[in-house]
Amino acid sequence: MGLFELFLLSIGLAMDAFAVSICKGLAVKKVTAKEYLLCGIWFGSFQGIMPLIGYLVGSRFEKLISVVAPWVAFTLLSIIGGNMIKEAFAPPEEVKPEFDVKTMFMMAVATSIDALAVGITFVAVPVKIFATAGIINVLVAVLMIGVITCIISMLGVKIGHIFGMRYKSGSEIMGGTILIFIGLRSLITYLDKSEALSDTETIFGMLIPLIGTLLGAAIVYAKKNEITDNLRMILVGGTSGIMISIAVWGMIEPAVMGLKTSTPNGIIPVVICFCGGVILQYILDIIVPHTHAYSNITEGLKSKLDNDMKVMLSEVIHHIPEGIALGAIYAGHFLKIEWISASTAIVLAIAIAVQNIPEALFVSLPIREHGTNTGKAFFMGIVSGVPIPLLGIITVIVSLLFPTILPYVMALAGGALIYVTMEEIPLLATKKENDKGAFAFVIGFAIVMFMIFF
């Protein structure tokens, strides 16, 4: 576990304390430096002490834990994160305004129990910040967790005093999501023998689009009203332009360049895989039950799923080719493929993150407008973007195991991205299904692509 992952872990663990601090800020009429410091010191101290205790207890069973280390980390962090998300949807509990020793002690213990379990995972997944003894790294880690929790708790008191309970559920959902992702990453890293996922740049790249999703979904807390038709079409146009650029310049062109160096008439397999991506996305479109927000068109197999779930699934299937594209480009970056620019990976990750902001909003806002509470709408917006890092990681692993398939995967992702984009734009404009129009576009695109590169 490196510095960047530890930073994310610290933020995730601090979210429980942050939520309680918001409640504390809400409960007092006047907030002074005393209230800030009490929350910060109590919560920060216990959040730092608990993982140290967990590590010391876990180290006694190091040999036993190391056998199932990645599974232990994944299970504990997933349970902790899942509980945080579950609590976000629970009825709000009354938080007393007292800051006495007994009250703060109970609060600090309650919010730091999760950190005790995380400390055990430090045995399973060692902290590696400095090239020194393990205990030194653990001490630095628990200090970092404590300091970050202290700062975030003090911030929570201020936010609670100004905004009340508005951000409580959102902070718990965000924290739980971060912890689950770190647990899953630990497991996949263990299973991945290529060690590509130990590369900080790769993991950071996988997270960048998820950050965009979080920001987009979080707008639901700030925006009370519906977005106008003009603004929505501008956002759709912007994201569509990004998607087409990713497909053409980020996927298809590099795939052509890669196959030209090893295969005569390399454009032929590119066109075939391009069409395969279109077919794959079309199959998802007719199988997965989903509802396009704002156009209110439902596609896929008949299902008893509620409208909120179908709106979320609409973006889930749209994010599938983005995850494959991201994983393919980072696999090429890790393998140092000559026909993939060194800067392409980070540019692609940022581009996906930018277009994820309105896409996550197009999930959270319509769901809230349908009558769902803001916390759940925010959560479903986040979930809609989860396929990107997950499929990205899987694509990295598969591409590293079978490097020769990389250009074919990129061509497939390019076709799927273009189909998704061309289906969505006219659909929002006309509020009619647009499968035929999307097919017409991709056929024309494929023909010209073949002519140019052949």
Side-chain angles (χ1 to χ4, degrees), residues 184-185 187-199 201-203 205-206 209 243-284 317-349 351-352 387-420 442 445-446 449-450 452-454:
L184 183 61
R185 185 263 177 183
L187 178 61
I188 294 177
T189 301
Y190 166 72
L191 298 174
D192 171 35
K193 303 303 180 184
S194 68
E195 298 185 353
L197 297 178
S198 298
D199 177 30
E201 289 186 26
T202 303
I203 288 301
M206 295 298 111
M243 292 275 276
I244 295 292
S245 293
I246 291 171
V248 176
W249 312 121
M251 294 289 107
I252 297 171
E253 187 182 38
V256 173
M257 295 300 103
L259 284 174
K260 268 191 172 182
T261 60
S262 59
T263 306
N265 297 326
I267 187 59
I268 295 176
V270 169
V271 171
I272 292 171
C273 291
F274 172 89
C275 295
V278 172
I279 293 170
L280 173 63
Q281 200 62 37
Y282 176 68
I283 290 172
L284 289 173
I317 61 176
H318 282 198
H319 285 320
I320 287 173
E322 294 171 26
I324 297 172
L326 186 67
I329 208 73
Y330 266 93
H333 173 69
F334 182 79
L335 290 169
K336 295 181 172 58
I337 300 293
E338 293 180 359
W339 40 271
I340 295 180
S341 169
S343 62
T344 303
I346 188 67
V347 170
L348 181 63
I352 293 176
I388 297 177
L390 289 183
L391 283 168
I393 290 171
I394 293 170
T395 304
V396 167
I397 295 172
V398 173
S399 298
L400 294 181
L401 291 174
F402 308 99
T404 56
I405 72 168
L406 190 56
Y408 304 101
V409 172
M410 294 175 74
L412 182 142
L417 284 169
I418 288 180
Y419 177 82
V420 164
V442 296
F445 187 94
M449 177 178 65
F450 178 81
I452 291 174
F453 289 104
F454 188 78

With a 4.5 Å limit on heavy-atom distance, are the side chains of [X] and [Y] in contact?
| X | Y | value |
| --- | --- | --- |
| F274 | I252 | yes |
| I279 | Y419 | no |
| L412 | M251 | no |

What are the two closest non-hydrogen atoms of [X] and [Y], and how far apart are they?
| X | Y | result |
| --- | --- | --- |
| G250 | I329 | O-CD1, 3.7 Å |
| L348 | A325 | CD2-O, 3.8 Å |
| L406 | A328 | CD1-O, 3.3 Å |
| V278 | G415 | CG2-O, 3.5 Å |
| L326 | P209 | CD2-CG, 3.6 Å |

Between atom CG of L417 and atom CE of M410, what is the distance when rounded to the nearest 0.5 Å?
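That separation rounds to 11.0 Å.
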If you measure from CD1 on I388 to CD1 on I320, what distance do you get to the nearest 0.5 Å?
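I388 atom CD1 to I320 atom CD1 measures 10.5 Å (nearest 0.5 Å).
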Quick one: side-chain hydrogen bond (donor to acceptor under 3.5 Å, both in side chains) partners of E322, sequence neighbours excluded?
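Partners of E322 by the side-chain hydrogen bond (donor to acceptor under 3.5 Å, both in side chains) criterion, ordered by chain and then number, come out as H319, Q355.
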Name each donor-acceptor pair under 3.5 Å that joins a side chain in residues 390-402 to protein atoms two or more places apart or in another chain, with its distance.
residue: T395; atom: OG1; partner: L391; partner atom: O; Å: 2.6
residue: S399; atom: OG; partner: T395; partner atom: O; Å: 2.8

Under the side chain to side chain contact (heavy atoms under 4.5 Å, CB included) test, residues paired with A411 that sit two or more places apart:
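Applying side chain to side chain contact (heavy atoms under 4.5 Å, CB included) to A411 gives A255, V270, C273.
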Show the numbers, then the answer: is there a side-chain contact (heavy atoms from CB on, under 4.5 Å) between Y330 and I346?
CA-CA 9 Å; Y330 266 93; I346 188 67; 4.1 Å; yes
